[in-house]
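See below for the structure under consideration.
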Amino acid sequence: MYDVREELLEIVEETKQLHTRERSITLESVSLIGELERRNAAVNLSMTSEQFAVHIGLTPNQYWKRAQAARLIRFHPEAQKLLESGETQVSHLALIAPKITQANSELLLDGIKHKSKREVALLLSRITAEGDLLPAEATFELRVTLTKSQGELLDRAREVLANMRGGGRMPSLPEILVKALEDLLDKRDPLKKAERAKARAANSPSSGKEASDEVEAEADTVSNLASPGNGDQSPTKKSPSRPAIPAATRHTVWLRDRGQCTWVHPGGSRCPERGMLELDHIKMWCRGGDHSEDNLTLRCRRHNQVAAEQELGTGFMAQARKRAAGAASLAI
Ligand SMILES: [Zn+2]
């Protein structure tokens with residue numbers, strides 16, 4: 001008698017065996033690629049990594065993932081069982097390869113079983129090299145489109161970061177981004193500069209030279225940010241004889257105002273602006289105000305303008321803008 005169930009079970013069994021074979025073939029491929037990588041095959045056969053990947057029948061991305069998985073299995077052989085059993089896949093091993101350490105390997109390998117790519121990425125963002133699990137933080141996806149030359153910057157940053165960390169571990173995109181942002185803020189954030197200057201002054205009161213060097217760089221940044229028609233530099237243009245604000249004063253004001261606009265709204269709330277800030281003279285320079293800490297405050301561009309209008313009167317400001325426009329064109 002014809003038995004549908006019997007026949008289906010047979011096909012199911014056949015499929016199951018096929019998938020077992022598929023996993024074992026993948027594993028064999030991973031193992032061979034690992035050997036080719038160790039023996040530097042692409043270089044020795046005078047090919048780029050991309051050419052070599054295509055030559056052996058994979059896309060560069062597939063090749064890269066299998067090479068990463070092979071490296072991981074070499075140092076953490078227990079990962080091989082997860083691939084064999086189908087509890088995880090090559091792409092997940094490639095994802096965790098840059099972050100796995102002896103201390104976190106058990107937690108990490110256990111945590112990727114039967115997980116989606118997104119869940120693996122989330123786990124990676126929480127796990128430390130020491131094997132601790134940080135509280136889950138909300139995540140969001142960031143999509144960027146890069147030109148070829150921008151992509152090359154990213155590739156170079158990846159190489160440099162991989163060299164810095166040693167061990168040939170390729171950093172992930174979020175790791176590259178975070179490191180780049182940390183370096184940028186370390187170098188450019190006026191608040192960090194002020195903190196550094198303060199620490200330096202506390203450690204060695206005689207090292208004034210370095211501090212003044214830093215001011216000049218910072219003064220450049222600020223003048224680049226400030227548009228010429230704003231704040232107390234307008235309507236009377238910044239006089240060439242006006243000295244720069246001393247570094248120590250600048251740093252003190254940034255720290256005191258905690259890198260935020262000090263304008264207080266009528267309701268009593270403080271302006272939250274932390275970007276595009278300018279050092280504003282409370283008593284304007286053109287009216288005899290000086291560069292002392294007490295006469296300086298951080299204001300955003302908009303409130304710098306409002307303060308100037310209050311001080312000089314809106315009529316005066318409007319006339320000044322008109323004069324500026326008239327000088328630029330004959331239309332008015
Ligand atoms: Zn403001």
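Ligands are counted one by one from 1 in listed order, and the atoms in each one are counted from 1 as well. Numbers here are sequence positions counted from 1. All heavy atoms count here, side chains included; hydrogens, waters and symmetry mates do not.
For Gln150, the side chain to side chain donor-acceptor pair (under 3.5 Å) criterion is met by Thr147, not counting sequence neighbours. Listed by chain and residue number, Asp110 satisfy the salt bridge (charged side-chain N to carboxylate O under 4.0 Å, His left out) test with Lys113 (two or more places apart in sequence, or in another chain).
The two residues Ser29 and Arg66 come nearest to each other via the heavy atoms OG-NH1, 2.8 Å.
Each protein N/O/S atom under 2.8 Å from the Zn ion (ligand 1) was counted, for a total of 4.
The ring-ring contact (aromatic ring centres under 6.0 Å, His included) contacts involving residues 59-101 comprise Phe52-Tyr63, where partners must be two or more places apart or lie in separate chains.
Salt bridge status for Arg118 with Glu141: present, with a side-chain N to carboxylate O gap under 4.0 Å.
The closest side-chain heavy-atom distance from His265 to His303 is below 4.5 Å.
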